[in-house]
Amino acid sequence: MKEKGSLFLIEEERIKKRIKEMAEEIKKDYEGKNPLFVGILKGAFIFMADLVRALDMDLEIDFLAVSSYGKFTETTGEVEILKDLQIPVKGRHVVIVEDIVDTGLTLKYIKDMIQSRGPLSLKICALLDKKERRRVDIDADYVGFSVPDRFLVGYGLDVAEKYRNLPYIKEIEG
Ligand code: 5GP
């Protein structure tokens with residue numbers, strides 16, 4: 001992680017290394033439990049792909065698509081389910097995989113929704129955590145990087161659908 005000029009940046013190699021460490025931690029907690037990883041689309045798709053490939057164990061994956069920011073950079077607090085899960089979560093060890101926790105409103109909504117369906121356990125794995133922006137009491141159980149209150153793109157994160165394909169994470173000038 002470094003500040004390039006005044007712009008925040010997390011390099012590709014740093015992300016890879018951190019995901020390997022997170023996978024080791026998750027493997028210790030879930031090996032033999034066949035957990036279900038629930039990726040939140042679209043932002044988490046690259047993180048999810050790299051995380052599950054770093055996990056050498058039995059697991060299943062599913063995706064949930066929600067709308068949050070749309071073309072804007074401010075959250076409304078309203079979450080709309082655009083695509084629901086296909087695999088039932090009842091009785092499963094579920095890990096929600098999210099790109100970034102900002103105000104926490106999206107994650108709170110998703111967590112409550114999945115919890116109401118009766119999983120055996122439910123944890124959250126987020127690549128990025130913007131703690132100072134939190135508006136509801138929710139924390140990820142596994143966090144890749146704590147990040148400052150800047151608008152970030154790349155590695156799945158977009159602004160108006162651009163930059164998701166960058167292999168690194170950078171701050172966008174506002
Ligand atoms: P929350 O509900 O926690 O405020 O927002 C979570 C969602 O907002 C994330 O899944 C992500 O889609 C979006 N988001 C929050 N912060 C950023 C950011 O810095 N950059 C981008 N591209 N999206 C963000």
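Start at 1 with the first residue, then count along the sequence. Both ligands and their constituent atoms are indexed starting at 1 by order of listing. All heavy atoms count here, side chains included; hydrogens, waters and symmetry mates do not.
- Close to ligand 1: Gly104, with a non-hydrogen atom less than 4.0 angstrom away.
- Between Leu152 and ligand 1, a contact under 3.5 Å exists for at least one N or O pair.
- Among residue pairs with one or both ends in residues 19-28, those qualifying as side chain to side chain donor-acceptor pair (under 3.5 Å) are Arg18-Glu21; sequence neighbours excluded.
- With a heavy-atom cut-off of 4.0 Å, Arg150 touches ligand 1 through its backbone alone.
- For Asp99, the closest heavy-atom approach to ligand 1 falls below 4.0 Å.
- Checking side-chain atoms of Lys170 against main-chain N and O of Leu166 turns up no donor-acceptor pair under 3.5 Å.
- Under 4.0 angstrom from ligand 1, the non-hydrogen atoms of Lys130 all belong to its side chain.
- The aromatic rings of Tyr155 and Phe47 sit tilted, their planes meeting at an angle between 30° and 60°.
- The closest side-chain heavy-atom distance from Ile110 to Ile96 is below 4.5 Å.
- Heavy-atom distances between Leu107 and ligand 1 stay at or above 4.0 Å for every pair.
- Under a 4.0 Å heavy-atom criterion, Lys108 is not in contact with ligand 1.
- Residues forming a side chain to side chain contact (heavy atoms under 4.5 Å, CB included) with Asp84 (at least two apart in sequence, or on another chain): Leu64, Ile81, Met113, Arg117.
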